[in-house]
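Shown next, in structure tokens, is the structure this report addresses.
To find a chain, count down the sequence lines: A is the first, B the second, and so on, and within it residues start at 1. The structure presented is a predicted model; accordingly, all values stated were derived computationally and were not measured.
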2 protein chains.
Amino acid sequence: MNARSDSASTSRTRGRPPVPKERIVATALKIVDEDGADALSLRVLAQRLDSSTATLYRHFSNRAELINQVIDHTFGSVPVQADELRGLGWEEACRAMATWMFENLRSHPNVAPLLLAQVPTGPNALALREVALQVLLDAGFSPSVAIRCYATLARFVLGFAIQLNGEDPEDAALAEVYGKSGENSLAATAAVAAFVPVPLDEEFRFGLDLLLTGLAQQRSRHEP
Amino acid sequence: MNARSDSASTSRTRGRPPVPKERIVATALKIVDEDGADALSLRVLAQRLDSSTATLYRHFSNRAELINQVIDHTFGSVPVQADELRGLGWEEACRAMATWMFENLRSHPNVAPLLLAQVPTGPNALALREVALQVLLDAGFSPSVAIRCYATLARFVLGFAIQLNGEDPEDAALAEVYGKSGENSLAATAAVAAFVPVPLDEEFRFGLDLLLTGLAQQRSRHEP
DNA sequence: ACCTGAACACCGTTCAAGT
DNA sequence: ACCTGAACACCGTTCAAGT
């Protein structure tokens, strides 16, 4: 009665893990989205999957590897349209990619703290970089400048993303700090207090514009 | 024999904590410098101070507050020379401050991961921002632009600092990724592989130049 | 009035023991 | 061959009990 002929597709790979990696990663991201990066413990994850922590270690050799894949999952929510991007010209293409990356991270604000463990090196992150480098090389930037451009843009986005989470409480704390500036002989800070907080996406656009302006100038300088 | 007259300076404040806050913070920074951010546990810190964890809670209401002060301690290692900076002109002054911030964080690479908990709001961080805003306002930037400039520069430095720690292992991992790019039809990545890794301070200077160039252009556009 | 050991409710990781 | 409960060595935080 139990004589099952292990035929066809599963013959060599019988005994596969019943919880696919994809589901583990998706569930992990869900926990992070819902309850924050700190809430992602292997215990909680295992419980949510009706599994055990030890079982998770069959799929990931440690917590860092799991997190790596969670990050890349975030980057994969919308595929990069390489051809469309190239049609835009390098400047707009860079702006689009940086903004896309920012929006991706913004839609998963709790993922940001995870980024400090490592530079993203998952397949989706690599694909994005590949497109960015293509665009820059096609535009005539030298390889050594192109890689610096990409690194600068990536770090800029990261610097923003990293503190996306605390937005609300931070604003309150910052407002308090600015409010007190009058008492503390911080004249310049006080002069500026009326203009904070700056909405985050406006701040992002401002900085991105600076970078792209600088890039354009650098390009025209080197190859006129 | 135990009749000590509690005279003069300590009369009202007798019973002070025998471990001054300063020493707690300095010891905490030392632990982070020596053994990494993860090694800074309240247990280890208390032990190093011949005290107990519960005693630490008399000085800091939680771990976050301790970390806040450790960060600010880092920023305070060299005082900002406001007058000297103003003599440089806004562009060089901004470059000097950003570089100074970067070098400070670079000399305590393990502190970087702590930064993600909060935007630095300690007295040293506030003093630095005050000087930066002074310089920008004096140069004719409007308050609303000045605050955006400062925010952008600060985020850029932070984006760099955040990943200062993993420098060596990261380079190895990245090199491997670039090495494999040939096999994976990542043409642009492969073309650029010979030029990585970029030394971190060169990458920093590159990005900072872009930002300052962009700033100069924005300034000349708005007030010609 | 200040300090502290011990407890509480958690971690990531490992491994012997089950099926 | 795969899975898992329980253990190990840690956390941050709190509090009753000591001096």
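- A heavy atom closer than 4.0 Å to some atom of DNA chain C occurs in A/L40, A/S41, A/L42, A/R43, A/V44, these being the qualifying members of residues 21-44 of chain A.
- In this structure, of D/dG12, D/dG5, C/dT13, it is D/dG5 that holds the atom nearest to the side chain of A/A54.
- Residue pairs satisfying the side-chain hydrogen bond (donor to acceptor under 3.5 Å, both in side chains) criterion with at least one member in residues 40-49 of chain A, sequence neighbours excluded, are listed as follows: A/E34-A/R48.
- Taking atom CG of B/L114 as the reference point, atom P of D/dG12 lies 12 Å away to the nearest angstrom.
- Counting any heavy atom pair closer than 4.0 Å across all strands shown, B/T53 reaches a base atom.
- With sequence neighbours excluded, the residues satisfying ring-ring contact (aromatic ring centres under 6.0 Å, His included) with B/F156 are B/F160, B/F204.
- Between A/L56 atom CG and C/dT14 atom P there is a gap of 13 Å when expressed in whole angstrom units.
- Distance, B/L45 CG to D/dC11 P: 12 Å, rounded to whole Å.
- Exactly one of B/I31, B/L29, B/T27 qualifies for a side chain to side chain contact (heavy atoms under 4.5 Å, CB included) with B/V70. That residue is B/L29.
- Listed by chain and number, the residues in a side chain to side chain contact (heavy atoms under 4.5 Å, CB included) with B/N62 are B/A64, B/E65 (sequence neighbours excluded).
- Among the duplex regions that DNA chain D forms, those built from at least three successive Watson-Crick or G-U pairs under 3.5 Å are C:4-8 with D:12-16, C:12-16 with D:4-8, ordered by first number.
- The side chain of A/T55 places no N or O atom within less than 4.0 Å of a non-bridging phosphate oxygen (OP1 or OP2) of D/dC3.
- At distances below 3.5 Å, at least one donor-acceptor pair connects side-chain atoms of B/D72 with backbone N or O atoms of B/A125.
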- Item | CA sep, side-chain torsions, deciding dist, call: B/L49, B/L56, side-chain contact (heavy atoms from CB on, under 4.5 Å) | CA-CA 10 Å; B/L49 292 165; B/L56 293 176; 4.1 Å; yes

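- Checked for salt-bridge contact, B/E202 and B/R205 miss the test: no charged N lies under 4.0 Å from a carboxylate O.
- B/R63 places its CZ atom 15 Å from the C1' atom of C/dC10, with the value rounded to the nearest Å.
- The NE2 atom of B/H59 sits 17 Å away from the C1' atom of D/dT14 (whole-angstrom rounding).
- Distance CD (A/Q47) to P (D/dG5): 11 Å, rounded to an integer number of Å.
- We find that CD1 of A/I67 is positioned 11 Å from C1' of C/dG12, with the value rounded to whole Å.
- Rounded to a whole Å, the CZ atom of B/R58 is 13 Å from the C1' atom of D/dC15.
- Between B/C94 and B/L136, the closest side-chain pair of non-hydrogen atoms falls below 4.5 Å.
- Looking at residues two or more places apart in sequence or on another chain, you find no salt bridge (Lys or Arg N to Asp or Glu O under 4.0 Å) involving B/E84.
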